[in-house]
Structures are given as structure tokens and as C-alpha cells.
A.B. asks: 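The following block contains the structure, expressed as C-alpha cells.
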Amino acid sequence: MSADSVAELVPSVAALQNALDAEDYLADEGLATAVFLAVRMRQPLLLEGEPGVGKTEIAKALARLLDTQLFRLQCYEGISAGEALYEWNYPRQLLGIRLAEARGVELAETELFGRDYLLRRPLLRAIEHAGPRPAVLLLDEIDRADAEFEAFTFELLAEAAVTIPELGTVEATHPPIVILTSNRTRDLHDALTRRCLYHWIDYPGPERIAQIVRRRVPSSSQAIATDAAAAITRLRSLDLVKPPGIAEAIDWVSALGVLGIEQLSARAVEQTWGSVLKNRDDLDLVASRGSAWVAKAAGA
Ligand SMILES: Nc1ncnc2c1ncn2[C@@H]1O[C@H](COP(=O)(O)OP(=O)(O)O)[C@@H](O)[C@H]1O
Ligand SMILES: [Mg+2]
């Protein structure tokens, strides 16, 4: 494929939307446009939205449709540059020293800090990615990392290059397509948001949830998917600690299928609480409304 193959694979927003659809990811036009611009302008895309709205999944689907590699960095509190970029492989360096001693040979420091002793983490691997198409780099749940880490990754991404003191500068030949996600547990740095394209993914309505469920659980009927989506939407109107999301809707419909349940009755709901509600207080609250309330058909 030619160097321009990303543009060939993704010639328009509609083409991208169709290609995502073929990967079983349903994107509305707004989201597809944001991703299209990120791909074509090679500008990082910050996706925000509640947990379970498909932020992580779209990065995976994008990598699949571009037939390229996905490098994912799952962020967490206290994550360090060493875990994101690279570390020296100390055990291996020690072993190298021991072996050299045993053989009675001299080992130069430059050898110990050579490429063989480098542990490559996702950011470095994305920068070093050899192509033919750019990799997709997913910085997942960046809001969990602290602000310094955020600033660190960002400088690096802006330059698509990294300097390793012992080795020199590694420049990306194929700068990665960068997707950052945030569940919005805190506000992100201005420096980061300024450089990114931004898209907020809304929680989908019941029809969209049903469509997604049918994609993800192909054996499910339209009726059960519609009922489950309506029930999930109803549950989300309560003040729950852990409101069920799309993942729960998918699990729920799978569980109903395994149990051979074709209609969402009060009894079916009671049998399958555990696929949907994952918090004791939520269970109590919903039980007080009653399983029949959860199960009732949309609009009934
Ligand atoms: N638009 C969508 N199309 C297809 N599947 C989706 C969509 N949105 C969410 N999902 C599914 O819902 C689940 C949760 O999505 P995920 O990407 O993990 O959410 P997030 O990263 O926003 O918390 C996954 O199983 C994913 O496949
Ligand atoms: Mg996620």
C-alpha cells in the first residue's frame, strides 16, 4: 500500500462510519467526524464521556479497520514515565555484567545501555512503529493519571519524538494516531486540551443501545434487545451508585440468551440481576421499585 493509504482507506466521514460499522462499532456522525479529523489531520483526539459509552472500543475498532497496530496505555494513579515510555532492563543488565565477569571480558557502559537492554513501553513502541500505516496509540483514562504525567506525555506526543539520554533521539517515521480517553473524574490540563480535538460521547438512547446490543450479541432477538435497552434506560433514571452501561446491557442480553429467556418478565429480571446491578445499595433501591417496573415494556 502507498504511503497515503490511510487517506485511501478513510476517504470521507461516511466511509469511516461504514468501516467502523463493519467492525461492529456504531458511531454517529459527530463521533465519526471527530475520528476522521484525528486520522486525517493527525491531531490527537480527546474523547470524554461516562464509563461504557464506547471510548476504548472505538480506538480498537479504528486500529482494526486501518489494519494497524494498537498500543494501549492504561493510565492509573501514580503511573510513571518508566511505565509509559521505556525503562532499562536492570535484571538483564546485571546478568550481562555477571556473564561478562565470568568470561573475563570487559563490558563497556555503552553496551549496557544499548537497545537490547531497553524495555519498550507503549509510547516508545508507538513512536518506533515501522508502518506501513501509523499505529493507533490509546492513552486510556488519562484522567486517572496525575497532572505531571499528563504534561509529560503531552510534550512527547507533540513532538512525536523522544530523547533517550544514552541513545539519542528517536523520531517517529509514522507518527501515531493518538486517542486519549477520559471518564471526566477531573478536569484535564489546558495545555493538553488546547492541542487536542475534543469530542464528548453522549450516553445513547434506548434505540441505539438496542442496536449495539444486537451487534454484539448477534443471536439476540430485536424484542429482547429492545426490552433490555428500555429497562437499562429506566434503571439509569434512578440515582444509582453504579448505573448500568452498554457493557451491562450486552452481558444481560447474553445471559438471558444462555438461560433461554425470550421475553423480559419480572421473573427474568429477578433471575438476572447480577448481570446488571453490581452494587448492594443499588440492588436494594431497584428491588424497592420492583422487578415488574424494571421489566415493563417500553412505553407501557
Ligand atoms: N457505539 C458502539 N458500538 C458498538 N459497541 C459499543 C459502542 N459503544 C459501546 N460499545 C460496547 O460497550 C462496551 C463498553 O465500551 P467501552 O469502549 O469499554 O466503554 P468506555 O471505554 O467508554 O468505558 C464494550 O463492550 C463496547 O464494545
Ligand atoms: Mg474504557
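Everything quoted here is computed from the prediction, not taken from an experiment. All ligand and atom numbering here is 1-based and tracks the order in the structure.
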A.B. asks: Any idea which protein heavy atom is nearest atom 9 (C) of ligand 1, and the distance to it?
C.D. replies: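 Protein heavy atom with the smallest distance to atom 9 (C) of ligand 1: Gly54 CA, 3.4 Å.
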A.B. asks: Assess whether a salt bridge exists between Glu23 and Arg215, defined as any Lys/Arg side-chain N lying under 4.0 Å from an Asp/Glu carboxylate O.
C.D. replies: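 Judged by the 4.0 Å cut-off on N to carboxylate O distance, Glu23 and Arg215 do not form a salt bridge.
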A.B. asks: Taking NZ, NE, NH1 and NH2 as the nitrogens, is one of them in Lys242 or Asp282 under 4.0 Å from a carboxylate oxygen of the other?
C.D. replies: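 No salt bridge links Lys242 with Asp282.
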A.B. asks: In the protein, which heavy atom is nearest to atom 7 (C) of ligand 1, and how far is it?
C.D. replies: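 Here the closest protein heavy atom is Ile212 CD1, 3.7 Å.
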A.B. asks: Taking the minimum heavy-atom distance to atom 10 (N) of ligand 1, which of Thr56, Asp21, Thr181, Ile246 ranks first?
C.D. replies: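 Residue with the shortest heavy-atom distance to the ligand atom: Ile246.
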A.B. asks: Strictly under 4.0 Å, does any heavy atom of Arg216 approach an atom of ligand 1?
C.D. replies: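 Yes, that is the case, since the closest heavy atom of the residue is under 4.0 Å from the ligand.
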A.B. asks: Where is the nearest protein heavy atom to atom 3 (N) of ligand 1: which residue, which atom, and how far?
C.D. replies: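 Ranked first by proximity to atom 3 (N) of ligand 1 is Leu26 N, 3.0 Å.
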A.B. asks: Please report which non-hydrogen protein atom sits nearest to atom 4 (C) of ligand 1, along with the residue it belongs to and the distance in Å to one decimal place.
C.D. replies: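 Among all protein heavy atoms, the one nearest atom 4 (C) of ligand 1 is Asp24 O, 3.3 Å.
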A.B. asks: Flag the pair Asp140 and Lys55 as a salt bridge only when some basic side-chain nitrogen lies within less than 4.0 angstrom of an acidic carboxylate oxygen.
C.D. replies: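 Between Lys55 and Asp140 there is no salt bridge, as every charged N stays at least 4.0 Å from the carboxylate O atoms.
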A.B. asks: Please compare Gln211, Glu57, Lys60 and report which has the shortest non-hydrogen distance to atom 17 (O) of ligand 1.
C.D. replies: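 Looking at heavy atoms only, the winner is Glu57.
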A.B. asks: What do the steps show when you test Glu77 against Arg144 for salt bridge (charged side-chain N to carboxylate O under 4.0 Å, His left out), and what is the final call?
C.D. replies: CA-CA 5 Å; Glu77 210 185 317; Arg144 289 194 183 197; over 6 Å; no
A.B. asks: Measuring from the heavy atoms of Ala27, does anything fall under 4.0 Å of ligand 1?
C.D. replies: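 Outside the 4.0 Å threshold, so no.
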A.B. asks: Name the orientation class of the two ring planes belonging to Tyr86 and Trp88 (parallel below 30°, tilted from 30 to 60°, perpendicular beyond 60°).
C.D. replies: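 Taking Trp88 first and then Tyr86, their aromatic rings stand perpendicular (interplane angle over 60°).
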A.B. asks: Checking the N or O distance criterion of under 3.5 Å, is ligand 1 in contact with Lys55?
C.D. replies: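 In this structure, Lys55 places an N or O atom under 3.5 Å from an N or O of ligand 1.
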A.B. asks: Considering heavy atoms of the protein only, find what lies nearest to atom 25 (O) of ligand 1 and give residue, atom and distance to 0.1 Å.
C.D. replies: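 Looking only at protein heavy atoms, the one closest to atom 25 (O) of ligand 1 is Ile250 CD1, 3.8 Å.
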A.B. asks: Ion pair present between Glu57 and Arg64, side-chain N to carboxylate O less than 4.0 angstrom?
C.D. replies: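 Salt bridge present between Glu57 and Arg64.
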A.B. asks: Below 4.0 angstrom from a heavy atom of Pro51, which ligand 1 atoms are there? Numbered from 1 as shown, please.
C.D. replies: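 Near Pro51, the atoms of ligand 1 are 23 (O).
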A.B. asks: Got a salt bridge between Arg186 and Glu150, using NZ or NE/NH1/NH2 to carboxylate O under 4.0 Å?
C.D. replies: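 A salt bridge is present here (some side-chain N lies under 4.0 Å from a carboxylate O).
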A.B. asks: Out of Leu137, Leu192, Leu45, Leu138, which residue meets the side chain to side chain contact (heavy atoms under 4.5 Å, CB included) rule with Leu180?
C.D. replies: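 Exactly one pass, corresponding to Leu192.
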A.B. asks: Is any N, O or S atom of Thr56 under 2.8 Å away from the Mg ion (ligand 2)?
C.D. replies: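 Thr56 does place an N, O or S atom closer than 2.8 Å to the Mg ion (ligand 2).
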A.B. asks: Using a 3.5 Å cut-off on N or O atoms only, is Val53 in polar contact with ligand 1?
C.D. replies: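 Yes, at least one N or O pair falls under 3.5 Å.
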A.B. asks: Have a look at Leu26 and tell me which of Gln17, Arg216, Arg208 forms a side chain to side chain contact (heavy atoms under 4.5 Å, CB included) with it.
C.D. replies: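 Output: one option passes, namely Arg208.
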A.B. asks: Students should be able to answer this: which protein heavy-atom is nearest to atom 20 (P) of ligand 1, and at what distance?
C.D. replies: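 Ranking protein heavy atoms by distance from atom 20 (P) of ligand 1, first comes Gly52 N, 3.4 Å.
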